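Before any comments, here is the structure.
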Amino acid sequence: MSSILVLNGPNLGRLGSREPDVYGDQDLPALEALLNAEAPEGTTIDLRQTDDEGTLIGWLHEAVDSGAPVILNPAAFTHYSYGLRDAASLVTKAGGTLIEVHISNPHAREEFRHNSVISGVATGVIAGFGFESYVLALSAILRVRA
Ligand code: DQA
């Protein structure tokens, strides 16, 4: 049984009611159900959310130690957290896979969202497809791993 970490940063616990025009009207449990439906047998989706930077960094350290692939929506931390970047870098430097995902397309939004401090150390980036961004990331992990 292999596990894929799906890590979500600040304010993503409010999906469903947060800016539905930008993020849609579905919540995190709906995302979890979608990913579980897409995951092949023997693959566990371990979906987590936190508003806390240190907790997110701790989960990335866990991925370094376990070798679990990571789908990461760093949310607002994307744009300024060097601590999170360094932790993401630990994952990929250790040979792990880390895909940065975004529900919206940050490049089509406010200027401060155009820069990601995570992208440069991620394996790849998928943005702008709603919850399908996560499904595409899952598919990429499964294909790269196969
Ligand atoms: C986001 C985009 C970020 O700019 C924003 O701060 C989020 C969500 C997205 O999934 O589109 O919280 O990461």
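Counting convention: from 1, in listed order, for ligands and their atoms alike. Values below: every heavy atom of this structure, side chains too, minus hydrogens, waters and symmetry copies. Small disclaimer: the values here were computed from a predicted structure and weren't measured.
- Heavy-atom contacts from other residues, nucleotides or ligands closer than 6.0 Å to CZ of Phe131 number more than 12.
- The N/O atoms of Ile103, backbone and side chain alike, include one that comes under 3.5 Å of an N/O atom in ligand 1.
- Annotation: Arg109 places no N or O atom under 3.5 Å from an N or O atom of ligand 1; distance criterion only.
- Atoms of ligand 1 found under 4.0 Å from any heavy atom of Tyr23, numbered from 1 in the order shown, are 5 (C), 7 (C), 8 (C), 9 (C), 11 (O), 12 (O).
- Side chains of Tyr134 and Asn8: a donor on one and an acceptor on the other come within 3.5 Å.
- Around CD of Glu111, the count of heavy atoms belonging to other residues, nucleotides or ligands within 6.0 Å does not exceed 12.
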>> Val135 vs Leu34, test: side chain to side chain contact (heavy atoms under 4.5 Å, CB included). Steps then yes/no.
In response: CA-CA 8 Å; Val135 175; Leu34 175 66; 3.7 Å; yes

>> Could you walk me through whether Val117 and His79 satisfy the side chain to side chain contact (heavy atoms under 4.5 Å, CB included) test, starting with their C-alpha distance in whole Å, then the side-chain angles of each, then the deciding distance to 0.1 Å, before giving a yes or no?
In response: CA-CA 6 Å; Val117 300; His79 312 300; over 6 Å; no

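- Among protein heavy atoms, the minimum distance from atom 6 (O) of ligand 1 is reached at Arg113 NH1, 3.0 Å.
- Taking every non-hydrogen atom of Ala76 and a distance limit under 4.0 Å, the qualifying atoms of ligand 1 come out as 6 (O), 12 (O).
- For Tyr82, the OH atom is loosely surrounded, since the number of other residues' heavy atoms within 6.0 Å does not exceed 12.
- At least one heavy atom of Asn73 sits closer than 4.0 Å to an atom of ligand 1.
- Each of the atoms 3 (C), 4 (O) of ligand 1 lies under 4.0 Å from some heavy atom of His79.
- The nearest heavy-atom contact from the protein to atom 11 (O) of ligand 1 is Ser104 OG, 2.6 Å.
- Ranked by closest heavy atom to atom 12 (O) of ligand 1, the top entry among His102, Arg14, Arg18 is Arg18.
- Under the 3.5 Å distance criterion, with hydrogens and angles disregarded, a donor-acceptor pair is assigned to the side chains of Ser116 and Glu100.
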